[in-house]
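I have placed the structure first, in the form of structure tokens, so that the comments after it can refer back to it.
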Amino acid sequence: MTQQINRRGFLRLSAAAAAVGALYPALPALAQMPPPDGGPIIYNGMTQNQLDAAYDQNFWDNDPPETGQRSTANGDPVRARYGVERIQYGPSQFEFLDLYRTSAPHAPIMVFIHGGAWRGGSARGAAANAEMFLLAGAHFIALDFVNVLQTTPLGDLMAMATQVRRGVAWVYNNADRFGGDRRHLFISGHSSGGHLGGCVMTTDWVRDWGLPGDTVKGGVLISGMYELYPVALSARRLYVNFTEEVQDKLSAQRHLNLLNAPVVIAHGTKESPEFMRQSRDFVAAVRAAGKPVEYAIGTGYNHFEMPETLGNPYGVTGRPALALMDLPVTWEGLRGTEKARR
């Protein structure tokens with residue numbers, strides 16, 4: 001039997017559909033259907049080549065991922081669910097951190113260093129990755145720090161590295177303040193944050209900061225740069241002051257004698273060849289130095305998608321991060337850990 005819908009019912013359904021549609025953003029523009037190939041119409045006004053394109057997902061996959069929008073959409077609910085504490089760790093207006101506390105007592109700590117080509121990015125963008133660590137029983141901290149467009153003089157990469165190291169030192173010295181275990185302090189970073197993470201991993205903590213040489217117990221460095229000489233030849237030289245001193249002191253690959261903890265090096269297969277080479281060469285150098293290193297490759301991931309894998313226990317970088325911290329590596333394990341704490 002055909003159900004009759006009167007005008008009032010039709011208007012009600014239309015209004016409901018409009019309300020649902022308003023919840024979603026407009027779809028991005030897709031590729032245009034190819035012109036007809038001159039052959040006969042096969043189906044629904046389409047020739048063979050058009051019908052083939054209609055059922056070929058790769059043909060329409062021409063819209064770059066909106067990782068920035070995803071970061072906000074996925075991160076804001078995490079901030080709302082768990083809360084975040086904004087703490088100043090250094091004297092300047094740029095030196096703040098976002099602290100996400102786990103409910104586990106005396107918990108290990110993961111400190112994340114954001115990317116942004118040394119001239120952008122923020123701690124807030126890391127919020128989406130916090131939840132996995134919180135559920136696993138670790139505190140998650142994302143650092144903010146000056147960028148090279150804010151330094152005096154402009155382009156001072158050393159100032160960035162100093163602030164990031166100061167942030168890590170603050171976390172170590174103040175772990176008791178938020179229930180953290182300073183003996184289990186780990187770091188991670190992406191892109192220029194991966195570079196700065198490499199600097200953290202090769203810091204002389206004893207001489208320069210008065211801390212133990214093994215202050216950092218492990219690191220996950222994603223899509224970073226570990227030898228600055230070729231970077232100094234690139235267009236980045238227009239806004240970064242790559243002096244010979246900067247290149248020497250901030251090239252982690254030149255200071256592997258100071259690497260005192262295992263490190264995970266990761267990149268995607270859809271990144272630039274030079275970024276992939278940087279990672280490969282660093283892995284080879286660490287192995288040649290006899291230091292523990294894991295090489296994680298994200299098949300099909302581009303540069304901007306790779307940090308999203310850090311918040312997934314099955315992800316390219318999430319799994320080794322949890323393993324490095326000796327934390328559960330499945331959602332079932334995470335849920336069990338969380339239930340046990342309640």
Side-chain angles (χ1 to χ4, degrees), residues 65 67-68 70-71 74 108-118 121 125-126 128-133 136 138 140-143 164 168 185-202 216-228 230-231 251-253 256 259 261-289 291-327 329-330:
T67 51
R70 292 205 299 247
S71 174
N74 296 331
I109 307 160
M110 173 59 78
V111 177
F112 181 76
I113 306 164
H114 70 75
W118 296 304
N129 287 334
E131 186 166 31
M132 182 192 77
F133 291 97
F140 185 82
I141 293 174
L143 298 180
V164 169
V168 173
L185 170 59
F186 301 82
I187 67 103
S188 54
H190 170 247
S191 193
S192 58
H195 161 258
L196 292 167
C199 296
V200 169
M201 295 294 295
T202 54
V216 177
K217 294 303 190 294
V220 181
L221 308 181
I222 308 167
S223 308
M225 296 159 283
Y226 313 103
E227 169 53 61
L228 290 182
V231 189
S251 290
Q253 196 161 315
L256 295 180
L259 181 62
V263 61
V264 177
I265 305 300
H267 67 76
T269 59
K270 297 183 74 174
E271 304 207 35
S272 81
E274 187 60 10
F275 268 80
M276 290 190 282
R277 183 200 61 76
Q278 283 267 358
S279 290
R280 287 196 305 270
D281 285 2
F282 190 59
V283 168
V286 174
R287 285 176 177 165
K291 307 293 179 77
V293 59
E294 180 176 345
Y295 190 19
I297 300 175
T299 302
Y301 287 88
N302 71 23
H303 182 78
F304 302 101
E305 292 171 314
M306 279 299 293
E308 296 180 333
T309 70
L310 186 62
N312 181 349
Y314 301 114
V316 178
T317 59
R319 180 186 291 271
L322 291 175
L324 193 65
M325 301 176 76
D326 196 24
L327 293 170
V329 191
T330 65

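- By the 4.5 Å heavy-atom criterion applied to side chains, Ser188 and Leu310 are counted as neighbours.
- The environment of CZ in Phe186 is crowded: more than 12 heavy-atom neighbours from other residues, nucleotides or ligands sit within 6.0 Å.
- Listed here is the closest heavy atom pair of Leu327 and Ala138: CD1-CB, 3.8 Å.
- Note that the CE atom of Met306 and the OG atom of Ser191 stand 11.5 Å from one another [nearest 0.5 Å].
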query = Is there a side chain to side chain donor-acceptor pair (under 3.5 Å) between Glu271 and Ser223 once you walk through the steps?
reply = CA-CA 8 Å; Glu271 304 207 35; Ser223 308; 2.5 Å; yes
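- In this structure, the separation between OG1 on Thr317 and CD on Glu294 is 10.5 Å, given to the nearest 0.5 Å.
- Taken to the nearest 0.5 Å, the CD atom of Gln253 stands 10.5 Å off from the OG1 atom of Thr202.
- Here CD of Glu227 is found 7.0 Å from CD of Gln278. Values are rounded to the nearest 0.5 Å.
- Counting heavy atoms from C-beta outward, Ser279 and Tyr226 have side chains that approach closer than 4.5 Å.
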ask   = Given His190 and His303, is the ring-ring contact (aromatic ring centres under 6.0 Å, His included) satisfied, shown in steps?
value = CA-CA 9 Å; His190 170 247; His303 182 78; 4.7 Å; yes
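- Nearest heavy atom pair, residue Ala117 against residue Ser192, reads N-OG, 3.3 Å.
- In this structure, Tyr301 places its OH atom where only 12 or fewer heavy-atom neighbours from other residues, nucleotides or ligands lie under 6.0 Å away.
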message = Go through it in stages, so that I can follow the logic: the residues are Phe282 and Leu256, the test is side chain to side chain contact (heavy atoms under 4.5 Å, CB included), and I'd like the CA-CA distance, side-chain angles, deciding distance and then a yes or no.
response = CA-CA 10 Å; Phe282 190 59; Leu256 295 180; 3.7 Å; yes
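- Residues Pro262 and Leu324 approach most closely at CG-CD1, 3.7 Å, considering heavy atoms.
- Between the CD1 atom in Ile113 and the CG atom in Leu221 there is a gap of 8.0 Å [rounded to 0.5 Å].
- Two residues are said to be in side-chain contact when any heavy atoms from C-beta on lie closer than 4.5 Å; Asn129 and Met110 fail this criterion.
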request  = Decide yes or no on side chain to side chain contact (heavy atoms under 4.5 Å, CB included) for Met325 and Ile109, but give the supporting numbers first.
outcome  = CA-CA 9 Å; Met325 301 176 76; Ile109 307 160; 6.0 Å; no
inquiry  = Would Met201 and Val216 count as a side chain to side chain contact (heavy atoms under 4.5 Å, CB included) here? Give the steps.
reply    = CA-CA 7 Å; Met201 295 294 295; Val216 177; 3.6 Å; yes
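- Taking the six-membered ring where the residue is Trp, Phe112 and Phe140 present parallel rings, their angle staying beneath 30° rather than reaching 60°.
- In this structure, the side chain of Lys217 does not engage the main chain of Ala261 through any donor-acceptor pair within 3.5 Å.
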request  = Step by step, work out the side chain to side chain contact (heavy atoms under 4.5 Å, CB included) result for Ile222 and His267.
outcome  = CA-CA 6 Å; Ile222 308 167; His267 67 76; over 6 Å; no
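- The number of heavy atoms from other shown groups lying within 6.0 Å of CG (Asp326) does not exceed 12.
- At a threshold of 4.5 Å between non-hydrogen side-chain atoms, the residues Ile297 and Val316 do not count as touching.
- The shortest distance between side-chain heavy atoms of Arg287 and Val293 falls below 4.5 Å.
- Distance CZ/Phe304 to NZ/Lys270: 13.0 Å, rounded to 0.5 Å.
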